[in-house]
Each structure stands twice: as structure tokens, then as C-alpha cells.
Amino acid sequence: MRLDEPPRVLSLGAGVHGTTSDVDVFRLPDLWQLHLYGYAAELVVDGVLHIIRPGHVSLVPPGAEVRFRYQGRSEHLYAHLSLSGTGEAVTLPVVQDAGARTPDLSETLLRAIAAAPRAPRRADAEIWTALWELAELAVPAGRGNGPHASLATAVAYIESHLAERLLVPEVARAAGVSHNHLLRLFRAGTGSTVVAYIRRRRMERARHLLRESTLPIPAVAAAVGIDDLQAFNKACRRELGVSPRSVRAGR
């Protein structure tokens, strides 16, 4: 799928199945199907069997034949949507285990369901968020679950702590990996060291604040975790090529 633009959600809600028949067979010719499951069942997509469990999530492309075999009353959250088809392609498995992310994903879908009647574009935005969550769950072929998830956790930790003192061992602990393993993950996933990544992201945020806000330069420095103005000036010159004042002047 391609996610550069938000989806257009045509239908969403909580589906209840397995009460009158233990089998459903259907296809949506033009729409993607997103389901978050609260039950165990068999799902067959274009002849391929998937065993689903509570916390599993599926994303079925348009035109695929879907066959469900239920084990009694079965409830799931769903969205039927169209995608623009623009941007870089993201490859996802048909079925994934959301694991620890299940509560957050469920809340996102419930917000979309609540918003749809009064603010359909808000619902689109919530489903867009859910799709990006699924993209983060997906693992490139041959990578395994650990490295992908750990790198994403480390990056999220860094992004939410740029205004604070950041040490590599703290990032490694937050990601649940060793110091050396974190270094390898960053080298493979970003092409840089952890320290270089932190420094680059701090200066990207500083450049944005210097150009787009009226925050005083000392406040900008503090917002990116550098309390010493001399150190901030040196960092700007090293990473951006000019002083903070020159960045603010648009040079």
C-alpha cells in the first residue's frame, strides 16, 4: 500500500458475526479491509489460510476473496477504505499480531468510529494513523522482529526526549537492547551512529524553531537539549554551516 496521502474511509464500525452462520465469504472489489480481532477464527484470503487470534489485525487488498470461519459469536473493529496510490510502496503481511500495541490500535479505531458521523475527515486521519501503526509492525523480509521493533522504539524515545540530556545507554535501555547492539541497529538502519542521529535531529528541530518561531535563541537551544549557548552556537555552525542568528535571518 501507499500512505503519502490519507485514506478515504467509506465504512467503519464494530462488526458482529458468527451468530447466524459460522462462515462468511465475500470480496470488496474496490476497497481495502482493515480488521482488528477480538476472537479466534480462520481467515482465508485468496486461498491462503491465516489463523487469527485476539489482538491480530488484518489488511486485505481490494478484490481479494475473503472467507471467515467463526467459532460462535465474533466481534471485531473494521474499516473499509480507499487509498490514493501515491508515494513509496509499503509492504505489509495480510495478518499481523499487534501484541502490546493492541490497546492503542483499538483506541485509534474507536476514535475513528466515534468521529465518523460528525467529522468524517477526522475519521480518515485516525485510520491513517492506524495504517502507519501497521506499517511499523511490519518487518522487512529477513530482518526478524527484534531489530526492527527495537530501532523504532529507540527512535521514538529519542524524538520524545530531544529537549533532555540523552545518553546512548539510556536509549539502549528504553529499546530493550545492549549498547553495542543499539549501535549496530543504528548503523544498519540509519547509516549513522546514535550520537550523530541525535545531533542531526536536534539541529533539524533547532533550524525549524529558529526560522518559523519567535522563540529567543536561548529558548531554542533549551528546546533541543543544549543549555549552553556557546555549545549551541558551535553545534549550529558544525551541523548547519552558519550561526543561529544567520539561520534565523534565513541565510
Shortest non-hydrogen contact from Gly189 to Leu151? CA-CD2, 3.8 Å
Check: Ser11 side chain, Val9 main-chain N or O, donor-acceptor pair, under 3.5 Å: no
Check whether any side-chain heavy atom of Pro244 sits under 4.5 Å from a side-chain heavy atom of Val220, and report yes or no. no
Checking Arg205 against Glu159 for the side chain to side chain contact (heavy atoms under 4.5 Å, CB included) test, could you report, in this order, the C-alpha distance in whole Å, the side-chain angles of both residues, the deciding distance, and whether it holds? CA-CA 10 Å; Arg205 183 170 295 183; Glu159 294 297 324; 3.8 Å; yes
Report yes or no: does Arg67 contribute a side-chain atom to a donor-acceptor pair with the main-chain N or O of Glu42 at less than 3.5 Å? no
Between CE of Met203 and NE2 of His208, what distance do you get to the nearest 0.5 Å? 14.0 Å
Can you check whether Met1's main-chain N or O pairs, donor with acceptor, with Trp32's side chain at less than 3.5 Å? no
Rounded at 0.5 Å granularity, tell me how far CG in Leu92 sits from CG in Leu134. 6.0 Å
Tightest non-hydrogen contact, residues Asp4 and Trp128, listed as O-CZ2, 3.6 Å
Heavy-atom nearest pair, Ala172 first then Leu182, reads N-CD2, 3.7 Å
In short, Ala223 meets Ala163 closest at the heavy-atom pair O-CB, 3.3 Å
Look only at the side chain of His181 and the backbone of Val177, and say whether a donor-acceptor pair between them is shorter than 3.5 Å. no
How long is the span from the CD atom in Glu164 to the CD1 atom in Ile158, to the nearest 0.5 Å? 12.5 Å
Would you call the rings of Phe68 and Phe26 parallel, tilted or perpendicular, taking 30° and 60° as the class edges? parallel
Taking it one step at a time, do Arg101 and Leu137 satisfy side chain to side chain contact (heavy atoms under 4.5 Å, CB included)? CA-CA 9 Å; Arg101 297 193 185 188; Leu137 280 175; 4.0 Å; yes
What's the separation between atom OG in Ser192 and atom CZ in Arg199, rounded to the nearest 0.5 Å? 9.0 Å
Any donor-acceptor pair under 3.5 Å linking the side-chain atoms of Ser243 with those of Ser246? yes
Across all chains, not counting sequence neighbours, the ring pair (Phe, Tyr, Trp, His ring centres under 6.0 Å) partners of His56 are none
Looking only at atom types and distance, does a side-chain atom of Thr190 sit under 3.5 Å from a main-chain N or O of Arg187, one as donor and one as acceptor? no
Once the angle between the rings of Tyr39 and Tyr37 is folded into 0 to 90°, is it parallel (under 30°), tilted (30 to 60°) or perpendicular (over 60°)? perpendicular
Short question: side chain of Arg69, backbone of Val23 - any donor-acceptor pair under 3.5 Å? no
Begin from the C-alpha positions of Leu34 and Tyr78 and carry the test side chain to side chain contact (heavy atoms under 4.5 Å, CB included) through to its verdict. CA-CA 5 Å; Leu34 170 64; Tyr78 77 90; over 6 Å; no
Shortest non-hydrogen contact from Leu109 to Ala130? CD2-CB, 4.2 Å
Same cluster or not: Val95 versus Leu81, using hydrophobic residues (I, L, V, M, F, W, Y) connected whenever any side-chain heavy atoms lie under 4.5 Å apart? no
Any carboxylate oxygen within less than 4.0 angstrom of a Lys/Arg side-chain nitrogen, looking at Arg121 and Asp124? yes
How many angstroms lie between atom OG of Ser82 and atom CG of Asp30, to the nearest 0.5 angstrom? 9.0 Å
Distance-only, no hydrogens or angles: does the Glu65 side chain make a donor-acceptor pair with backbone N or O of Val25 under 3.5 Å? no
Residue list, salt bridge (charged side-chain N to carboxylate O under 4.0 Å, His left out) with Arg122, at least two apart or on another chain: Glu126
Are Arg53 and Asp97 close enough for a salt bridge, meaning some N to O gap below 4.0 Å? no
Determine the minimum heavy-atom distance between Gly15 and His17, stating which atoms define it. C-CD2, 3.9 Å
When hydrophobic residues are tied together by side-chain contacts of less than 4.5 Å, even through go-betweens, does Ile217 share a cluster with Val242? yes
Is the count of non-hydrogen atoms from other residues, nucleotides or ligands lying under 6.0 Å from Gln230 atom CD greater than 12? no
Counting N and O atoms only, with roles assigned by atom type, does the side chain of Arg202 sit under 3.5 Å from a partner on the main chain of Leu162, one being a donor and the other an acceptor? yes
Lys/Arg N to Asp/Glu carboxylate O, Glu239 vs Arg200, below 4.0 Å: no
Evaluate whether atom CZ of Arg238 has more than 12 neighbouring non-hydrogen atoms of other residues, nucleotides or ligands under 6.0 angstrom away. yes
Answer yes if Leu12 and Leu83 sit in the same cluster of Ile, Leu, Val, Met, Phe, Trp and Tyr residues linked by side chain heavy atoms under 4.5 Å apart, and no otherwise. yes
Tell me, with the steps shown, if Glu133 and Thr108 meet side chain to side chain contact (heavy atoms under 4.5 Å, CB included). CA-CA 10 Å; Glu133 286 286 331; Thr108 300; 5.7 Å; no
Hphob cluster co-occupancy, Val94 + Leu3, side-chain heavy atoms under 4.5 angstrom: no
Co-membership, hydrophobic cluster, residues Ile127 and Trp132, 4.5 Å side-chain: yes
Under a 3.5 Å distance rule, please check whether Ser106 uses its side chain to pair with a backbone N or O of Thr102 as donor and acceptor. no
The single option from His35, His76, Gln96 passing side-chain contact (heavy atoms from CB on, under 4.5 Å) against Val57: Gln96
Would Thr19 and Tyr70 count as having a side-chain donor-acceptor pair, cut-off 3.5 Å? no
Arg207 and Glu204 ion-paired at < 4.0 Å: no
